[in-house]
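To start, the structure under review is shown below, and the notes come after it.
Basis for what follows: all heavy atoms, side chains included, without hydrogens, waters or symmetry-related copies. Small disclaimer: the values here were computed from a predicted structure and weren't measured. Residue numbering restarts at 1 for every chain, and letters A, B, ... go by the order of the sequence lines.
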Protein chains: 2
Amino acid sequence: MGSSYSPLVLLFVLLLFPFSAPSPARSGTVVPRLPGFRGPLPFHLETGYVEVDEVNQEEFFYYFIESEGTPSEDPLLLWLTGGPRCSAFCGLVFEVGPLKFVSAKYNGSLPSLVYRPYSWTKVSNMIFLDSPAGSGFSFSRHVESYYDAGDISWSHHVYTFLIKWLVDHPNFLSNPLYIAGDSYAGKIVPIVAQQVLNGIEAEKRPLLNLQGYVIGNPVTGEKIDLNARVPFAHGMGAISDDFFKLIQRSCVGQDYQSPTDSQCEMCLDTFDEILSEINKYNILEPKCAPASPKPKTKGRRALKEEYLRLLKPPPTPALNCRNYAHILAYYWANTDIVRKALHIKKGTVGEWKRCNYDLPYTMDIKSSIKYHLSVTSSGYRALVYSGDHDMLIPFVGTNQWTRSLNFSIIDNWRSWHVDGQVAGYATTYSNNLTFVTVKGAGHTAAEYKNKECLAMIRRWLSHKPL
Amino acid sequence: MGSSYSPLVLLFVLLLFPFSAPSPARSGTVVPRLPGFRGPLPFHLETGYVEVDEVNQEEFFYYFIESEGTPSEDPLLLWLTGGPRCSAFCGLVFEVGPLKFVSAKYNGSLPSLVYRPYSWTKVSNMIFLDSPAGSGFSFSRHVESYYDAGDISWSHHVYTFLIKWLVDHPNFLSNPLYIAGDSYAGKIVPIVAQQVLNGIEAEKRPLLNLQGYVIGNPVTGEKIDLNARVPFAHGMGAISDDFFKLIQRSCVGQDYQSPTDSQCEMCLDTFDEILSEINKYNILEPKCAPASPKPKTKGRRALKEEYLRLLKPPPTPALNCRNYAHILAYYWANTDIVRKALHIKKGTVGEWKRCNYDLPYTMDIKSSIKYHLSVTSSGYRALVYSGDHDMLIPFVGTNQWTRSLNFSIIDNWRSWHVDGQVAGYATTYSNNLTFVTVKGAGHTAAEYKNKECLAMIRRWLSHKPL
């Protein structure tokens with residue numbers, strides 16, 4: 001028989017292959033087992049790298065988990081984590097992914113992982129992307145390029161990643177695509193969406209099937225994010241009526257982070273002292289020693305952008321603290337057998353950190369509001385959700401800026417339910433914008449209310465009312 | 001030898017006896033063991049009756065628990081429970097007493113009790129008083145007198161009880177005396193304190209050593225108690241900014257329970273619908289089926305005096321519901337061996353109910369504010385505390401009325417701490433009035449934050465700053 005195909009047929013096959021083959025070749029590697037997890041993983045995990053900057057040889061590391069539902073039809077979610085420079089692995093094991101650490105004292109042996117049932121991978125294919133370079137296992141071979149990271153380059157690189165990844169995984173090109181993320185990534189997500197949208201409008205190939213974006217307890221860069229801590233603290237009973245009124249009177253028109261009025265400044269110093277005593281991630285949980293002591297700062301601590309300097313490994317908080325798991329993640333990710341299982345390139349990343357704050361980052365896009373306006377006005381969907389006990393980025397501010405977009409309200413502050421219980425309140429606006437509070441949750445919501453947040457994303461992705 | 005004492009000596013002994021004997025005869029009976037509790041009780045429990053109305057042969061049943069500290073020196077707390085007509089046993093096993101039920105499905109055998117370490121009996125001698133008649137095991141032999149219960153007769157009978165009990169327990173006469181209670185009893189406590197104060201001023205014997213009173217998530221009878229649900233719900237994110245403003249605009253000067261303005265009435269109906277979905281006892285806990293279905297009511301459900309119709313036994317809520325323990329209490333208290341152990345008089349009370357709402361009750365004192373003013377202005381101390389996630393009697397209203405007494409503020413909304421964590425906020429006023437919020441607690445605070453509430457009462461009773 002031998003080679004009986006004509007050159008034309010071969011050309012046809014070659015042209016067709018990247019877009020229609022059921023299992024195309026991929027740059028990533030399948031990871032059937034993970035150290036610390038008993039038995040084979042009950043979901044399809046692939047890890048890999050995508051070069052996002054050829055000059056600097058900058059590569060983004062990703063964890064891709066196929067939907068546990070119907071991978072060929074379910075949406076594709078690209079998940080970014082905040083910080084900036086927190087690893088997307090945090091999203092995977094602490095928030096919306098299908099794994100979590102077993103809470104047990106670290107004794108030198110490998111921390112254990114178990115399956116998390118309320119994973120968003122139940123209803124979507126998810127890419128957890130370490131970005132920008134210097135986050136998690138993402139790296140650059142030119143050290144200087146770590147120093148160039150900022151909102152513009154980050155979002156640009158994420159878009160590059162997405163294009164390349166989809167070229168490499170063409171069978172996901174037709175799935176509905178959503179950009180997603182929380183905390184500081186909430187600022188970057190609409191910017192990435194805008195770039196995808198620009199590409200679509202320019203008919204750039206491959207054509208991405210963008211449907212919208214999802215952000216949780218998100219930063220916008222607007223002063224409203226942090227100024228909202230004052231009315232939030234008042235509503236939650238952390239400051240008195242008198243003091244609330246005094247701040248309001250003294251700080252009219254002021255940016256609470258850098259007030260120019262001295263009376264306002266004095267008030268805000270007192271306010272920050274009050275807030276410094278409580279856990280801003282969830283005001284009802286105990287304030288635990290951070291996994292690394294924070295640098296001492298003076299003045300308006302609580303109103304400064306504290307999400308920039310969260311945690312890095314040892315010293316260790318108490319075992320009953322929520323952030324003890326950060327220590328487990330640190331030891332797990334810095335173990336040789338784990339790195340081997342994840343196919344981490346040798347010599348690229350010395351110490352894996354939950355959040356890498358040692359590197360500089362430039363907030364070169366002041367506000368994400370215009371991107372929200374632009375993307376949603378262009379017909380793309382947006383889900384904005386907030387854990388309502390988060391003092392870091394309080395729902396009060398997120399509610400204010402979603403409202404300030406001036407879209408007409410279709411359904412105002414309607415309760416939504418899980419297991420017959422009120423899980424929070426949802427407002428739907430025209431332009432397919434939905435704002436949702438998650439009752440009792442902190443920063444970020446899914447870390448505290450797993451089941452509720454899965455129900456939320458399941459309904460929203462399938463275009464059902466919350 | 002024989003009878004060698006002179007009549008004069010005998011008279012002297014008889015006169016002296018009731019006040020100075022180290023272990024005087026008592027009407028109550030020591031209860032060394034309780035069915036359901038393994039081994040002897042690790043504290044001194046006495047139960048008994050005191051006749052508070054001779055004509056109607058009305059008797060109040062009490063549980064007296066000696067301080068686990070220094071009974072001869074520690075304060076004596078008289079504990080009343082709300083409803084009205086909830087049993088003081090609720091205070092004992094759900095809130096501030098040294099026992100609690102083991103949470104396990106009721107299987108027909110006797111529910112188990114265990115020791116609660118964070119009991120207020122660690123620092124005080126406590127009388128848990130079933131009152132008024134028809135509550136718990138308190139009864140009247142003249143059924144008609146059940147129908148005469150109201151604020152006036154209840155407080156009068158409690159005062160009668162206190163006098164008689166102290167005559168019978170003279171070795172507690174010199175201990176500092178505090179009247180205490182929560183929820184609806186918060187209205188009665190200052191009225192009882194006023195009666196004690198009147199007795200002291202009239203030099204009535206025995207002279208009671210009143211020092212002050214303690215109330216938790218208390219009712220005043222003022223419209224502020226329930227109107228405060230609107231700003232509270234807004235601060236907690238249960239209603240939108242717009243709707244909050246609309247209610248405020250529509251309901252200026254209105255009593256939210258019985259508004260005369262139709263726009264206000266419409267708003268409040270909507271507000272009540274919203275609140276009817278959530279657990280008013282603690283807005284972050286699931287709303288469970290009440291242990292008895294409530295009568296269907298129309299209109300402003302949430303603003304009506306719902307604390308009047310709480311729970312009674314079967315049907316049964318889910319095991320994971322906080323109020324499942326109410327069912328255990330029901331079965332426990334209605335068991336023959338338990339009644340025998342408690343020395344319940346036969347034929348006095350058919351069915352023990354956690355709260356007995358079948359009997360009428362007259363709120364014949366409109367407001368307790370003037371009693372607060374009078375007693376605190378007379379030099380007696382007052383501790384007013386609120387779980388800050390209680391929607392039934394929100395801290396917002398309690399804060400408002402304590403402030404409205406117009407005492408000068410000594411320390412405003414200062415955080416207080418337990419184990420290095422903020423446990424809430426405290427305001428101290430002149431006239432020894434302290435208002436305290438308990439962070440994350442519901443209605444009533446000690447049920448949710450045992451350890452914190454013990455720390456609070458320990459410091460306050462020993463005149464230390466919170």
Fill in: Side-chain heavy-atom pair A/Q421, B/I278 within 4.5 angstrom cut-off
no

Worksheet item: Do A/D241 and B/V396 touch side chain to side chain, with heavy atoms closer than 4.5 Å?
Response: no

Discussion item. For A/I283, which atoms come within 4.5 Å of any heavy atom of chain B: side chain, backbone, both, or neither?
Written reply: backbone

Fill in: Choice from A/G424, A/G420, A/P231, A/A238 maximising heavy atom contacts with chain B below 4.5 Å
A/A238

Practice prompt. Return the minimal non-hydrogen interatomic distance between A/S240 and B/N412, and the atom names on each side.
Written response: OG-ND2, 3.8 Å

Worksheet item: Going through the checks in order, is the side chain to side chain contact (heavy atoms under 4.5 Å, CB included) test met by A/M236 and B/D388?
Response: CA-CA 8 Å; A/M236 290 287 157; B/D388 70 3; over 6 Å; no

Worksheet item: Checking A/W413 side chain against B/G237 main chain: does a donor-acceptor pair fall under 3.5 Å?
Response: yes

Worksheet item: In this structure, are over 12 heavy atoms from other groups packed under 6.0 Å from A/Y118 atom OH?
Response: no

Discussion item. When you compare the side chain of B/R403 with that of A/D242, does any pair of heavy atoms fall below 4.5 Å?
Written reply: yes

Response to the item:
Most contact-rich option vs chain B, by heavy-atom pairs under 4.5 angstrom, among A/I239, A/N279, A/T437, is A/I239

Practice prompt. Please state whether the side chain, the backbone, both or neither of A/N399 comes within less than 4.5 Å of a heavy atom of chain B.
Written response: side chain

Worksheet item: Are B/H234 and A/H234 close enough that their ring centres sit under 6.0 Å apart?
Response: no

Worksheet item: Between A/S415 and B/E277, which heavy-atom pair has the shortest distance, and what is it?
Response: OG-OE1, 2.5 Å

Worksheet item: Under 4.5 Å between any side-chain heavy atoms of B/V422 and A/K287, yes or no?
Response: no

